[in-house]
Amino acid sequence: MDFELRAAREKLEREQRERKARAKAKLEREKRAKAEAARQREAIDAAQRTKRLDAARAQLEAEQQMEESMLLGNGIIFSRTFEALPFNGFGDKIKLPPSCFQELSDQGALDKGPMYFRLSMVDATTPPDSDATNLRPHRTTHSGVLEFTAREGSVELPPHVWSNLLSGVSLEVPLVEVRYVSLPKGTYAKLQPEGMGFSDIPNHKAVLETTLRRHATLSESDVITVSYGELNYKLRVLELKPASSVSVLETDIEVDVEGPDSALESNKKQYVLTPLVMGKVERGIVEEGEFNYYKFSVEDAMANQVASGDVNIEVKIEADAGDSDTNIYVSRHPMIFPTQHRHEWSSHEMGSKVLILRPKDPSLVAGTYSIGVFGFKGVTKYQISAAFKDNVKQKIGEHSTTTSLVDAESVECRNCKHYISSCTILLHEAYCIRHNVLCQHNGCGVVLRKEEAANHVHCHKCGEAFQKGQMEKHMKVFHEPLHCPCGVILEKEQMVQHQSSTCPLRLITCRFCGDMVQAGSTAADARDRLRGLSEHESICGSRTAPCDSCGRSIMLKEMDIHVIAVHQKS
């Protein structure tokens with residue numbers, strides 16, 4: 001009996017414990033469910049709060065961006081992303097699609113004057129699951145607009161804009177954000193050449209101003225390329241006023257050119273004019289196919305003596321003996337870097353050489369002269385000097401101006417064709433026939449020693465007489481075809497004539513702007529061709545200026561006709 005009671009009591013206690021455990025577990029589950037529901041409600045509330053905050057922040061950013069665009073664009077909002085394509089052009093003016101013209105015109109951009117744009121490179125290398133808002137602008141520059149003829153969805157960039165915005169970019173089709181902005185007129189610009197030689201250009205600030213006429217904007221850190229003949233110089237924009245990006249259209253801007261940074265001098269070899277002190281020897285080394293350049297000046301006092309013939313300007317170069325050789329070319333400024341086919345004086349003799357400079361115009365002796373030492377063969381060590389030398393030979397020759405008259409009884413030698421006295425003609429002919437020979441080349445007639453005759457040769461093209469050792473150099477210098485940068489291929493003499501009179505890349509002094517510029521090809525206007533205007537002068541002369549007499553705006557190239565036709569009293 002006691003056993004049964006104890007078993008029943010244990011069973012009852014076990015059931016009670018199980019019920020308590022189930023109740024406790026149920027209570028725990030309910031508690032956890034309530035906590036999870038609370039957490040979910042809190043997460044939903046937090047997500048909603050975050051979403052509301054993000055929406056408010058996005059709206060605020062959009063409003064700020066709208067305000068910024070309104071401020072930058074002076075009330076005009078225009079921002080598009082295009083595929084960038086290059087095109088060959090000058091300056092910083094880009095080409096936009098026709099749809100941009102309509103959009104800008106509808107907002108009244110045409111009534112606000114010249115249009116300027118801020119160009120930013122866009123990083124499109126984003127993961128596939130990212131949206132377009134992750135595109136991040138990187139480099140930035142500014143530009144004007146040339147025309148609205150680009151293909152829809154693309155913007156065409158000239159080399160200046162492409163190099164400043166997309167240099168080093170490996171993307172096949174980079175993306176560029178184009179935003180309309182309003183820029184203040186520039187008042188000051190500080191630029192620094194990236195290399196040596198720019199300051200050697202005569203009136204280099206005027207050359208720079210001519211280049212800036214092709215630009216609509218300037219931005220700090222941009223690099224501008226200035227062309228002078230075949231040479232290109234790069235200048236970095238260090239500082240601008242009154243803003244970091246300015247307009248350079250229809251404004252007078254003060255330009256300050258600093259000296260080149262020494263750290264940049266070794267990046268690229270530039271032509272540099274090394275000053276020569278008159279009478280002092282300078283040493284140098286030139287490699288084959290390369291130029292070393294020097295300069296010296298002739299003052300007015302010495303120019304008068306040179307013009308009178310009492311003094312010569314002598315350029316002397318002494319080269320070390322060996323297989324190497326040099327040529328020497330000299331020009332007077334504004335031609336600052338003479339070459340094989342652009343120079344005024346030259347010497348192609350082998351070894352050491354002396355070049356006497358005899359200016360054609362006595363009034364153009366004073367000034368700065370440039371010397372180009374060209375490495376014709378091998379690596380040559382040389383010594384060069386420029387000096388004033390008294391014209392002693394001419395003074396001595398002045399005392400012996402009388403020429404010996406042919407004696408009436410003189411007889412012509414059958415061998416050398418010289419006239420010899422009849423008394424000694426037999427003795428002379430016996431000696432002359434035994435030792436001398438007459439060159440039979442048409443027009444030569446030089447009397448040579450028989451042992452020297454084999455070394456005396458004539459060029460089959462021009463007929464010039466040389467020794468055999470000099471013929472190879474003569475053929476290479478004078479008869480090897482030369483390639484002009486404009487595409488023409490000529491020999492040396494024809495190339496000199498071409499580059500001095502007809503080459504579109506030749507430098508001329510513009511009669512309207514006064515700068516030393518490339519002439520360009522023939523003028524497109526037939527009337528300008530009749531006036532003898534080059535392509536540059538035809539375009540430059542199309543600018544207008546007020547007439548001093550009547551105040552009317554007249555094209556510069558027609559100002560003289562206007563004065564004669566309208567204001568001539570007669």
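All of these numbers come straight from a predicted model, not from anything done at the bench. Scope of the values below: all heavy atoms of this structure, side chains included, with no hydrogens, waters or symmetry mates.
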### Task
Kindly indicate, with the supporting measurements, whether the criterion side chain to side chain donor-acceptor pair (under 3.5 Å) is fulfilled by T81 and E177.
CA-CA 4 Å; T81 300; E177 181 191 39; 5.3 Å; no
Show every donor-acceptor pair shorter than 3.5 Å between a side-chain atom in residues 480-487 and any protein atom, with sequence neighbours excluded, or say none if there are none.
none

So does E344 pair up with R332, basic N to acidic O under 4.0 Å? no
Exercise for review: May I ask you to test the L273-S370 pair for a side-chain heavy-atom distance under 4.5 Å?
Suggested key: yes
- Message: Quick check on R527: does its CZ atom have over 12 non-hydrogen neighbours (other residues, nucleotides or ligands) under 6.0 Å away?
- Response: no
Pair Y180 and Y116, ring centroids less than 6.0 Å apart | no
May I ask you to decide if the ring planes of F291 and F374 are parallel, tilted or perpendicular, using 30° and 60° as cut-offs?
tilted
query: Has K316 got more than 12 heavy atoms of other residues, nucleotides or ligands less than 6.0 Å from its NZ?
result: no
Query raised in the report: Can you check side chain to side chain donor-acceptor pair (under 3.5 Å) on T149 and E147, steps first, answer last?
Result: CA-CA 6 Å; T149 58; E147 54 191 34; 2.8 Å; yes
Would a line drawn from the ring center of F148 to the ring center of F101 be shorter than 6.0 Å?
-> yes
- Task: Classify the angle between the aromatic ring planes of Y369 and F296 as parallel (below 30°), tilted (30 to 60°) or perpendicular (above 60°).
- Result: parallel
query = Above 12 or not: heavy atoms from other molecules or residues under 6.0 Å from CD of E250?
reply = no
Here the gap from E220 atom CD to R236 atom CZ, rounded to the nearest 0.5 Å, amounts to 12.0 Å
Per-pair distances, 0.1 Å, donor-acceptor, side chain in residues 548-561, under 3.5 Å, sequence neighbours excluded:
| residue | atom | partner | partner atom | Å |
| --- | --- | --- | --- | --- |
| K557 | NZ | D528 | OD2 | 2.7 |
| K557 | NZ | S538 | O | 3.3 |
| K557 | NZ | S542 | OG | 3.3 |

Within the side chain of R214, is there an N or O that forms a donor-acceptor pair under 3.5 Å with the backbone of T211? no
Got a salt bridge between K190 and E239, using NZ or NE/NH1/NH2 to carboxylate O under 4.0 Å?
yes
side-chain hydrogen bond (donor to acceptor under 3.5 Å, both in side chains) filter on S221, not counting sequence neighbours, yields none
Check for me whether the distance between the ring centres of Y329 and H348 falls short of 6.0 Å.
yes
Margin query: E282 vs S385, test: side chain to side chain donor-acceptor pair (under 3.5 Å). Steps then yes/no.
Written below: CA-CA 6 Å; E282 289 286 342; S385 63; over 6 Å; no
